[in-house]
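Remarks on the structure that follows.
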2 protein chains.
Amino acid sequence: MNLQISIQPNLKLALRDPEASALGRKIIREGIVLMCQLGYEQFTFKKLAEAIDSTEASIYRYFENKHRLLLYFLTWYWNYVEYQCTVSMHNLNDPAVKIKKIIEILTGGLPSWADTSDIDKSALQDIVIAESSKAYLTKEVDDINSKQLFKPYKDLCHHIAIVFSEYNPKYAYPHSLASTVVETAQFQPFFMAHLPSLTDFGGEKGNTRKVSEYLESLVFAALSAR
Amino acid sequence: MNLQISIQPNLKLALRDPEASALGRKIIREGIVLMCQLGYEQFTFKKLAEAIDSTEASIYRYFENKHRLLLYFLTWYWNYVEYQCTVSMHNLNDPAVKIKKIIEILTGGLPSWADTSDIDKSALQDIVIAESSKAYLTKEVDDINSKQLFKPYKDLCHHIAIVFSEYNPKYAYPHSLASTVVETAQFQPFFMAHLPSLTDFGGEKGNTRKVSEYLESLVFAALSAR
DNA sequence: TGGAAATAATAGTAATACTACCATATTTTT
DNA sequence: AAAAATATGGTAGTATTACTATTATTTCCA
């Protein structure tokens with residue numbers, strides 16, 4: 001089973017396929033680590049070029065700008081989550097069990113099994129938590145959306161919404177609940193680490209189990225109401 | 001009753017009180033309109049200076065940088081929401097009614113009654129929706145938090161959490177639910193406008209009633225479960 | 001009316017976000 | 001194996017951003 005196929009990001013994101021060359025792969029591998037360290041705002045192509053012993057101009061031949069590189073990272077991540085969900089639910093029938101599995105995956109609680117890529121998934125997840133909103137909270141959002149670049153994220157939410165509807169076909173807000181859950185799965189760990197008074201979870205780093213429990217109780221309550 | 005008193009932002013946010021001078025007031029009034037138009041990334045002090053017929057250097061005497069100006073706007077907004085909540089709930093006893101009122105205010109569905117300020121609240125609300133996450137999704141978050149600059153936001157969430165606990169003292173996640181609701185009240189309208197497939201609400205602009213209904217059902221389900 | 005403070009006007013710096021150009025290395029095609 | 005195409009490196013350069021500094025002028029207010 002080749003994992004690469006299913007997590008291949010949209011090629012429109014990049015000017016040329018970064019997985020097809022040594023330099024491209026270095027841009028992705030090291031880019032993830034560096035953006036995680038510096039944060040999106042402080043991250044620059046110049047710094048990345050220094051880190052991988054290349055030049056700014058060479059990186060620009062792969063990605064128009066750092067926002068596209070961020071989108072590439074996020075696309076990789078959402079495709080990976082989607083893939084994990086698909087595989088995990090392959091032989092599950094009970095929607096309740098499926099929902100629990102989805103939440104476990106979303107909060108990163110599922111140990112990522114070995115795959116062929118050497119992406120630093122922990123760094124990638126930190127990027128998703130801290131930067132993913134910046135993918136769409138921009139004036140370019142409609143333009144980017146019209147190029148289908150949010151498709152993996154929207155598809156994931158849609159598939160989650162379908163499982164919610166399976167559990168309770170009468171529920172009126174499956175898509176809103178799906179996007180709320182996906183967003184909350186990023187925000188609550190961030191709050192836990194930096195603004196703990198916005199949560200009810202102890203400061204123990206990586207207390208993702210608590211976040212899962214909260215989300216489970218929220219989802220099942222919403223889907224079971226009245 | 002003087003509204004100004006209760007929505008005075010933390011003075012540590014600004015180098016000098018912008019409400020105390022004509023230039024300062026222009027920075028705030030026009031700054032809100034311009035940041036709403038351009039978005040946080042494209043907004044610059046230089047552009048604002050041109051718009052108010054002043055200079056970059058003069059604006060820097062009021063705010064260290066544009067991130068602090070954004071924080072000032074958000075602080076104003078959260079103080080305003082907190083004030084609206086306080087006044088609205090003054091003679092309410094039923095926690096269920098209080099919760100409905102809070103959600104109505106959060107989604108901006110409550111017509112803002114006349115107050116003495118001439119702030120463009122519609123533009124301010126657009127800024128909150130599109131930019132508020134950028135206040136804390138930065139590597140400076142711990143530094144800013146240690147200066148208490150998120151206090152109004154955290155206080156608001158805390159007060160909402162208290163009302164949730166009033167409704168159901170046994171509920172285990174009042175703070176997480178409060179921050180989830182406040183965040184979702186911003187994200188769902190954004191999705192509605194730009195990524196409608198992430199919601200279950202028709203594209204009719206300003207369909208805040210639907211967002212309120214979704215949030216009400218979510219909150220009451222969560223607080224009433226089992 | 002004199003002094004302090006605020007603002008304007010101008011200049012300047014380092015960094016960012018690119019674009020352009022050319023030489024060289026590598027890969028692909030024939 | 002030679003020729004052609006493509007990828008990369010190296011260097012430069014531009015416009016904009018995010019500031020800081022200096023001095024002159026205006027406004028405030030005691």
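Throughout, protein chains are lettered first and strands after them, A, B, ... in sequence-line order, and every chain is numbered starting at 1.
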What N/O pairs connect the protein and nucleotides 6-10 of chain C at under 3.5 Å? Give each pair on its own line.
residue : atom : partner : partner atom : Å
C:dT7   : OP1  : B:Tyr62 : OH           : 3.0
C:dT7   : OP2  : B:Arg16 : NH1          : 3.3
C:dT7   : OP2  : B:Tyr62 : OH           : 2.9
C:dA8   : OP2  : B:Ser54 : OG           : 2.5
C:dA8   : OP2  : B:Ser58 : OG           : 3.0

Distance, rounded to the nearest Å, where [X] contributes [atom1] and [N] contributes [atom2]:
| X | N | atom1 | atom2 | answer |
| --- | --- | --- | --- | --- |
| A:Arg25 | D:dA7 | CZ | P | 14 Å |
| A:Phe45 | D:dT8 | CZ | C1' | 16 Å |
| B:Gln42 | C:dC18 | CD | P | 10 Å |
| B:Glu41 | D:dT16 | CD | P | 18 Å |
| A:Phe43 | C:dC18 | CZ | C1' | 15 Å |
| B:Leu38 | D:dT17 | CG | P | 10 Å |
| A:His67 | C:dT16 | NE2 | P | 18 Å |
| A:Tyr60 | C:dT19 | OH | P | 7 Å |

Verify the ring-centre separation between B:Trp76 and B:Tyr80: is it less than 6.0 angstrom?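 Here the rings of B:Trp76 and B:Tyr80 have centres that are less than 6.0 Å from each other.
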
Presence of A:Lys46 side-chain N/O under 4.0 Å of C:dC18 phosphate oxygens OP1/OP2: no

Are A:Lys47 and C:dA15 close enough that a side-chain N or O sits under 4.0 Å from OP1 or OP2?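 Result: no.
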
Are B:Lys66 and B:Tyr40 in a cation-pi setup, meaning NZ or CZ lies under 6.0 angstrom from the ring centre and within 45 degrees of the ring axis?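 Verdict for B:Tyr40: a cation-pi partner in B:Lys66.
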
Describe, in one word, how the ring planes of [X] and [Y] are oriented to each other, choosing from parallel (under 30°), tilted (30 to 60°) and perpendicular (over 60°).
| X | Y | value |
| --- | --- | --- |
| A:Phe150 | A:Tyr136 | perpendicular |
| A:His194 | A:Phe190 | tilted |
| A:Phe201 | B:Tyr173 | tilted |

Can you check side-chain hydrogen bond (donor to acceptor under 3.5 Å, both in side chains) on A:Ser212 and A:Thr107, steps first, answer last? CA-CA 6 Å; A:Ser212 293; A:Thr107 55; 2.9 Å; yes

How about A:Gln42: does its CD atom have over 12 heavy atoms from other parts shown lying under 6.0 Å from it?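 No.
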
With sequence neighbours left out, what residues match A:Ser179 under side chain to side chain donor-acceptor pair (under 3.5 Å)?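 Side chain to side chain donor-acceptor pair (under 3.5 Å) check on A:Ser179 returns B:Gln188.
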
The side chain of A:Asn65 lies closest to which of these nucleotides: D:dT17, C:dC18, D:dC19?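 Nearest listed nucleotide: C:dC18.
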
Return the polar atom pairs (N/O with N/O) between nucleotides 26-28 of chain C and the protein under 3.5 Å, or none.
none

Closest non-hydrogen atom pair, A:Leu13 against A:Arg68: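 Taking every non-hydrogen atom into account, O-CB, 3.8 Å.
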
